Each structure stands twice: as structure tokens, then as C-alpha cells.
Amino acid sequence: MGRLGVLACQAASLAAVVLAWHVAVRTGLADPLFVPAPAAVATALWTTAREALPRLGDTLLKTLAGYALAVGLGVAGGLVLGSRRLVHAVAMPYVVAAYGVPKILVLPWIALTLGLGTSTAVLTGTLFAVFPILLMVAAGVRDVDPTLVTAAVSMGATRGQVSRKVLLPAVLPSVLAGMRVGIVFAMLGVLLAEMFAGTRGMGFLMQRMAMAFKASELFAATLIVSILSIVVVLSLEHLNQRLSRWR
Amino acid sequence: MPGGATTAAADPIILEAIGKRYETASGAVQAVDSVSLTVRAEEFVTLLGPSGCGKSTVLGMIAGLVRPDAGRVLVAGVPCVGPNPEQVALVFQDGGLFPWRTALDNVTFGLELRGVPAAKRREIGLGLLEPMGLRGFERKYPRELSGGMRQRVAIARALALDTPILLMDEPFGALDEQTRLLMGEWLVGIRRRARKAVVFVTHSLHEAIALSDRIVVMTARPGRIKDVVDVTLPFPRDLNAPEVTDLRAKLWEQVREESLKAMGTRP
Amino acid sequence: MKILAWRLGILVAILAVWEAVAAPLNPLFYIRPSVLPGALLGMWRVPDLPPLGEHVWLTLQEIAGAYVLAVAAGLWLGFLLGLRRTVGRIYEPLLAALYAVPSVVWYPSLMLFFGLGSASKIAFGVALGFFPIVLSVLAGIRQVPATLVTVAQSMGARPFTVFRKVMLPAMASTMVGGLRAGLALSVVGVLVGEILGSRAGIGYVINYAYGLMMTREYAVLAVIAAAAVLAIDTAGALVEARVKRWAG
């Protein structure tokens with residue numbers, strides 16, 4: 001089956017799902033209080049969009065802020081962690097443990113000390129995103145082919161030259177991979193913080209809609225956020241393909 | 001191609017009873033024991049022996065990347081204390097090419113480190129790639145090149161620094177049989193023009209005989225010199241000539257003995 | 001040995017710094033580690049707090065339920081997409097797209113549909129946990145060396161036998177990694193669900209303590225929950241190591 005065929009099947013499947021959904025609501029199989037009809041969701045998209053857009057912008061800004069912080073900390077930390085044997089051996093169990101602990105457990109404390117606003121959301125976003133970046137960069141540093149370093153040294157490279165001209169380009173793919181993963185986690189953290197302790201932003205809006213049983217609006221909002229993240233991740237993927245011609 | 005110049009006074013490489021021992025999890029291992037050798041200017045010396053006999057370690061010591069535990073390494077008459085990019089250039093078994101750099105940028109890497117301006121680098125780099133048969137490939141990435149091409153780029157990179165000494169560690173080891181043979185032939189052509197002292201590590205009798213002025217047969221671990229054979233035949237060498245067949249038989253006897261020992265002692 | 005010493009040293013240093021930094025600050029917001037053991041004992045006696053044991057038990061049940069369903073759904077979907085090439089080609093990209101969405105956006109909808117009870121927590125746990133399982137099954141199938149399958153077929157093995165005796169063992173290491181990740185995510189899903197809105201469970205108690213600014217109690221609960229999650233994951237890691245050793 002060719003590419004067009006695959007796309008056609010995907011579209012057809014999605015259409016079938018929407019149809020079945022529509023039928024389920026029409027025949028009363030699904031309670032419209034909990035499961036809004038597709039038509040209702042479509043209408044809600046317009047009304048929700050107007051309300052959602054500024055909140056979406058707010059969420060995105062916080063995500064970017066948290067993400068930037070996480071990238072800075074994660075890349076720097078990952079480079080140190082990966083390049084120094086002793087540091088790696090000593091610190092790794094702690095880093096892995098910290099990664100394994102559900103970060104939501106810390107969220108109440110952050111909310112308590114920083115309040116119900118932007119800084120809580122940004123900090124949570126940073127917290128969620130920093131670990132995967134850290135671990136991926138550290139792994140990337142450790143995976144650098146030692147022959148490349150030997151070759152450079154044998155040609156007379158100083159330590160600085162080795163770092164700039166060998167380690168940095170060799171590590172770049174892992175850094176980019178970590179950064180791609182990080183953005184989803186950052187958004188996750190921000191949304192979570194907004195749902196738990198926020199007064200603005202998309203997360204708070206969605207939580208409020210759920211509590212008020214505004215099913216169609218909630219579905220519409222979920223759809224909007226989902227499409228946004230898919231677009232962001234796909235563009236990053238595309239960018240990554242472009243930059244990795246040599247691999 | 002620019003020729004290398006060596007001082008007539010000192011032989012490029014003098015090894016004085018060098019030795020190297022490694023600490024492994026299962027105890028100390030003597031990789032190299034008491035190896036003494038002198039390599040003269042523009043001489044092509046091959047270190048021949050089974051895997052694990054320390055030939056790469058000897059090369060590492062000449063390159064200044066490995067510190068000997070015993071004896072001394074003298075390069076251009078001066079004791080070797082570390083990497084010596086003015087005197088020594090290396091070619092590794094799997095090329096060691098930087099995957100994110102084009103062929104040309106790989107070749108000119110050493111020049112870049114020295115601060116040679118871009119235009120000059122390009123000129124030298126293209127000048128090296130041309131006789132390698134790689135004209136038109138200078139902007140390709142290693143991933144886009146075949147194994148044989150990659151090794152030629154690696155050799156060009158080593159030649160770019162115009163050092164009097166060239167060390168090659170099983171450079172054709174990762175290639176298939178046909179490519180190996182072709183690369184061997186090609187290297188014979190190059191070596192006469194390059195005019196450097198070359199130390200070539202291989203476990204292939206064929207390559208040793210085709211390329212060398214002298215063949216140093218090494219024992220299984222701990223690596224010592226078992227025999228040194230001078231090969232005075234003119235180039236290019238007909239591998240079916242009777243002198244060559246005799247030489248090959250004689251070398252095989254010795255190498256076989258050591259290979260069996262190496263296989264037996266391996267866990 | 002030196003490494004172990006360093007690690008212990010770091011742990012002690014962290015606790016010491018934490019204690020020192022928190023001591024002069026407002027005890028309402030900043031908990032000193034030395035306060036925690038006392039708070040733990042006191043918790044059983046605090047009248048405002050609901051009975052802890054029941055909540056812990058409920059959470060564990062939710063986790064178990066979520067994981068079982070996640071494994072079932074994950075394995076089913078993984079094998080469906082992996083073994084039927086055409087089906088896989090159509091639906092795998094859709095799955096990958098879904099993976100790009102921050103999972104927490106599903107939760108308000110799940111809460112609306114399933115209510116504030118256990119069902120929404122289990123549903124969320126399943127939503128989070130089944131992804132790594134599906135992905136690991138797909139990856140596992142892909143990395144079964146084709147030669148192994150050919151060898152078995154050439155010896156006359158039928159498709160089901162090939163599946164059971166060749167593919168499954170070859171996939172075991174990859175799959176167990178996914179199963180372990182799935183467990184970790186199911187746990188996180190249930191916890192997040194409870195903290196964001198529920199009437200029972202450990203997450204609920206944490207939220208409750210937070211709401212009443214009972215910071216010490218909240219801290220103890222958080223530490224216990226963290227320790228429990230780490231314990232569950234360590235158990236998972238041990239199982240994974242065992243399976244990897246066997247599968248080769």
C-alpha cells in the first residue's frame with residue numbers, strides 16, 4: 001500500500017471514529033452530558049477558541065520560559081555529568097532516583113511557597129523538563145567515539161580545541177534529542193501546575209470546564225491543545241531531520 | 001605532493017627496549033616486552049603478528065599516546081613525552097573521521113588546528129584528495145562514502161600535516177578482501193611519492209610483503225620481536241614470483257606459530 | 001569503595017544543607033528534615049487527617065488495576081500493529097502523534113466522564129502506562145533478527161511455534177523494559193489523578209494536607225509516597241535485570 005493509500009486509510013479511520021461517536025450520542029448510547037456530540041464540539045471550537053487563545057498564549061509563554069531554564073541547566077549539567085567519570089559514578093543514582101520520583105509530589109510545596117501564579121508554573125515546567133535533557137546529554141557525552149578524540153589529540157589539538165571542534169559537534173545530536181523531548185515535558189509540567197494551582201492558562205481553564213460539566217467546550221479545548229503540541233513536535237522533528245544530514 | 005624532509009643526523013624513530021604493562025580486572029598483562037627497533041628515514045617497516053600481540057600498543061608508544069613502562073622512545077632524536085603532531089601522523093583502523101565534517105574538512109582538520117587560512121587549507125586539501133581519486137567527493141560526508149574511500153580520506157588527512165613519520169594501524173582491516181587488495185596496490189603507488197618513514201601494522205602477510213622494506217615479526221603476548229626480515233625486491237612486487245613465494249612461506253611459518261599461541265592463550 | 005563513600009557523603013551533605021537552610025525560615029513553609037520522623041509518628045494521631053491505611057490501600061488497588069489494563073491494552077495493540085504490517089503502517093503514525101501530546105490534557109476529560117472516583121484515576125493510569133508497553137512491543141518485534149526466524153522456519157516450525165519459541169524470547173529484553181516503564185507511568189498517572197481531584201487515596205490526603213497548610217504532614221506523605229514509588233520501580237528494575245540475564 002502506497003503512501004497515499006496509508007493516508008487515505010488514516011483519514012477514513014478518523015472519519016469512522018467521528019461517525020460512530022456521532023451515532024452513539026444520537027441514539028442515546030452515550031450521555032451527552034459526558035460525551036458531547038461531534039457537531040457540538042465543532043461549534044464549541046469557535047466559542048472556545050476566542051476564550052482559549054489568550055490562555056493558550058499564557059501557557060505557551062510559561063512553557064517557553066520553563067523550557068529555556070531546563071535546557072540551560074540540563075545541557076550544562078549533562079555535559080559535566082557525562083564528561084567527568086567520578087561525578088558520573090557518584091551522582092548517577094541520585095539523578096536517576098530524582099527522575100524516578102513523580103515530580104507532582106513536589107508541586108504542592110512549590111505552590112505553597114511560590115503561590116498560585118506564573119512562577120509556580122514555570123518552575124514546575126523546568127522541573128519536569130530538566131531530567132530527560134540532563135540524562136540524554138550525559139549519555140551523549142559518554143557515547144562520543146574515543147578514537148575521534150585520539151585522532152584530534154594526535155594532530156596537536158589543545159584541550160579547548162578538542163572541546164570545541166570534536167566534543168561539541170559529536171554531542172550535538174544528543175543535545176537536540178534531549179531538547180526535543182524536553183519541550184513536551186515542559187508543557188506537561190506547566191499544564192499540570194495550572195490545573196493544580198493556577199488562575200490563568202489553559203490548564204486552569206480545562207480544569208474549570210470539567211468541574212462545570214461543559215463537555216463540548218472541554219473536548220474542543222483538549223483538541224486545540226493536542227493539535228498545538230502535535231504541530232510543535234512535528235516541526236521540531238522536521239528541523240532535526242534537516243540538521244542531521246551527516247548522520 | 002610535498003615531500004617530507006628529515007634531518008640526516010637522527011633516525012626518525014628509535015625504540016630502546018620498550019615495554020608496556022596493563023592492569024586488568026584479572027591481573028597484570030604484559031602487552032609489550034623489550035622491543036628495540038630503529039626506523040630509518042623514508043623506510044617502510046611493517047609490524048606483523050597475530051591479534052593481541054601488542055603491535056598497536058607499540059604504535060601508540062611511538063605516537064606518544066601511550067607511555068612506555070620500560071625503555072625509551074626517541075622521535076627525531078628526542079625522547080617522546082606526548083603527541084607529536086609536527087613529527088608523527090596517524091591513520092586508524094576505522095578511519096576516525098569526524099562524521100559531521102565533509103571529506104575536505106576532515107582532511108584539513110590538522111591544518112585548521114594550526115591556524116592555516118581557509119583558502120590555503122582548501123588548496124592543500126584538494127591537492128591531496130585529487131591523487132586519491134576523490135576529486136568531486138570533497139563535499140561528501142563520511143556516511144556517504146564507501147569504506148575504501150573513507151580510508152583514503154583518513155590517509156589524506158594524515159598526509160596533510162606533512163610529517164616525516166606516518167603510523168598506520170591496520171588501516172585496511174575493516175575492508176573487504178577485494179577492496180583491501182586494491183588499496184594495497186594504491187598505497188604502493190603513493191608511498192614512493194610520499195617519502196616518509198612509515199610504520200605499518202597488519203596481520204596480513206600479503207600486505208606486509210607488497211609494501212615493506214622491512215618486516216618485523218612479533219610474538220604473541222607478551223609482544224616481543226621474533227624476527228626481522230629485509231625485503232629488497234623492487235616495486236611493484238609480483239606476488240607470484242618465486243622469491244616472494246619463498247618469503248611468504250617463511251613468514252607464514254613464524255606467524256602461524258605465534259597465531260596458534262595467541263589462540264591458545266585467549267580465554 | 002571510594003564511590004560509595006562519595007555517595008554517602010553527598011547524601012549527608014544534602015541533608016545537612018537542607019537542615020541548615022530551613023532552620024531559620026518560616027516552619028510553615030520550610031520543613032527541616034529532622035522534623036519528619038516525629039511528624040510521621042504524630043500523623044496517626046492527628047484528628048483532622050483521614051485514616052491513612054485505607055487511602056494507601058485504595059491507591060495501591062488503583063495502581064494494580066491501571067497496570068493490569070495498561071499491560072493488556074499495550075500488549076494487544078503492540079502485537080496488532082507489529083505483526084500485521086499494513087495495520088501498523090496505517091495506525092502507528094497516529095499513535096506517534098498521540099505520544100506528542102502532553103498526557104495531562106486528557107485528564108480533565110477523563111474526570112468529566114468518569115467522575116471523581118477511582119475510575120478516572122485508573123483510566124488515566126492506563127492512558128499513561130500503555131504507551132511504553134506498545135512502543136516496546138513494536139521495537140521488540142523489529143529487532144528480532146530475521147535469520148533466527150528463517151532458521152526456525154527452515155526446520156519446519158509453524159507460525160505459532162515460531163512466535164512462541166523464537167520471537168518472544170528474542171523480544172523479551174526489550175519488552176520487559178517497556179513493561180517496567182509502563183508500571184512507573186501507571187503509578188504516576190494514578191497519583192496525578194488523585195492529587196488533581198479525588199475523594200480518596202494517598203494523593204487526596206496529600207492534597208488535603210496541602211489545602212490545610214499542614215506542611216509537615218504533607219512533607220512526610222510526599223517522602224513516603226516517593227519512597228514507595230522508588231521501591232516499586234526498584235522491584236521492576238530487578239525483574240528487568242533478571243529477564244535480561246536470561247534472555248541474553
Side-chain angles (χ1 to χ4, degrees), chain A residues 1 5-7 9-10 13-14 33-35 86 89-91 93-94 97 100-109 111-113 184-192 195-197 202-203 205-211 213-215 218-219 221-222 225-234 237, chain C residues 2-7 9-11 14 28-31 85-87 89-91 93-94 96-115 184 187-188 191-192 195-197 203 206-207 209-211 213 215 218-219 221-223 225-227 229-230 233-234:
Chain A
M1 186 182 283
V6 170
L7 276 167
C9 281
Q10 290 171 336
S13 311
L14 287 173
L33 187 60
F34 301 121
V35 181
L86 188 61
V90 168
Y94 291 117
V101 169
K103 272 143 255 85
I104 187 159
L105 293 173
V106 188
L107 187 48
W109 184 73
L112 207 57
T113 41
V184 181
F185 278 87
M187 199 185 295
L188 186 72
V190 169
L191 284 170
L192 196 61
M195 287 182 191
F196 180 74
M202 232 11 214
L205 181 65
M206 291 172 74
Q207 190 80 328
R208 205 176 60 180
M209 286 173 173
M211 295 306 186
F213 280 93
K214 290 190 164 174
L218 180 57
F219 266 51
T222 309
V225 178
S226 307
I227 293 182
L228 180 71
S229 3
I230 292 176
V231 166
V232 167
V233 171
L234 282 182
E237 260 310 313
Chain C
K2 196 168 75 134
I3 295 179
L4 230 61
W6 272 98
R7 284 191 192 151
I10 292 207
L11 187 60
I14 291 179
L28 191 60
F29 295 124
Y30 300 96
I31 314 296
R85 303 239 352 254
T86 344
V87 176
R89 280 185 65 200
I90 298 175
Y91 293 107
L94 296 179
L98 226 56
Y99 194 50
V101 176
S103 42
V104 76
V105 314
W106 312 123
Y107 192 62
S109 310
L110 289 175
M111 245 192 346
L112 187 141
F113 187 75
F114 286 107
V187 171
V188 170
L191 269 178
V192 169
I195 291 181
L196 284 182
I206 288 179
N207 206 350
Y210 154 77
M213 294 195 48
T215 326
Y218 150 72
L221 287 167
V223 170
V229 172
L230 281 179
D233 192 52
T234 311

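Throughout, protein chains are lettered first and strands after them, A, B, ... in sequence-line order, and every chain is numbered starting at 1. Nothing here was measured: the structure is a model prediction, and the numbers come from that model.
- C:V229 touches chain A through its side chain: at least one heavy atom from C-beta onward sits under 4.5 Å away, while N, CA, C and O do not.
- We find the CG-OH distance between A:L105 and C:Y218 to be 7.0 Å, quoted to the nearest 0.5 Å.
- Per-residue counts of heavy-atom pairs under 4.5 Å with chain A were compared for C:A184, C:G197, C:S109; the largest is that of C:S109.
- Judged by distance alone, with hydrogens and angles left aside, the side-chain atoms of C:R7 form a donor-acceptor pair with the main-chain N or O of A:A89 at under 3.5 Å.
- Proximity to chain A (any heavy atom under 4.5 Å) is shown, for C:A226, by both the backbone and the side chain.
- There is no contact between C:I14 and chain A, counting heavy-atom distances below 4.5 Å.
- Contacts of A:L86 with chain C are made by side-chain atoms alone, with heavy-atom separations under 4.5 Å and no backbone atom involved.
- Residues satisfying the side chain to side chain contact (heavy atoms under 4.5 Å, CB included) criterion with A:I227, sequence neighbours excluded, are A:L223, A:V231.
- Residue A:V225 touches chain C through its side chain alone, counting heavy-atom pairs closer than 4.5 Å.
- C:A100 and A:I230 make their closest contact through CB-CA, 4.3 Å (heavy atoms, listed as atom of the first residue, atom of the second, distance).
- In this structure the side chain of A:I104 never reaches within 4.5 angstrom of the side chain of C:V188, judged on heavy atoms.
- Looking at C:I195, both its backbone and its side chain come within 4.5 Å of chain A, counting heavy atoms on both sides.
- Neither the backbone nor the side chain of A:F185 has a heavy atom closer than 4.5 Å to any heavy atom of chain C.
- Of the two parts of C:T234, neither the backbone nor the side chain holds a non-hydrogen atom closer than 4.5 Å to a non-hydrogen atom of chain A.
- Heavy atoms closer than 4.5 Å to chain C are found in the backbone of A:K214, but not in its side chain.
- Both the backbone and the side chain of C:L196 have a heavy atom closer than 4.5 Å to some heavy atom of chain A.
- With sequence neighbours left out, A:A111 forms a side chain to side chain contact (heavy atoms under 4.5 Å, CB included) with A:T120, A:F196, A:A197, C:Y210.
- Your options are C:A97, C:A227, C:G203, and the one with the most heavy-atom pairs under 4.5 Å with chain A is C:A97.
- For the pair A:S226 and C:V105, the tightest heavy-atom approach, listed with the atom from each and the gap, is OG-CG2, 4.1 Å.
- Considering only heavy-atom pairs separated by less than 4.5 Å from chain C, the leading option among A:G203, A:P102, A:P108 is A:P108.
- Between chain A and the residues C:V223, C:I10, C:L11, C:L4, the largest count of heavy-atom pairs under 4.5 Å involves C:L11.
- Within the 4.5 Å cutoff, the side chain of C:P108 has no heavy atoms near those of the A:M209 side chain.
- Proximity to chain C is limited to the side chain of A:M211, based on heavy atoms less than 4.5 angstrom apart.
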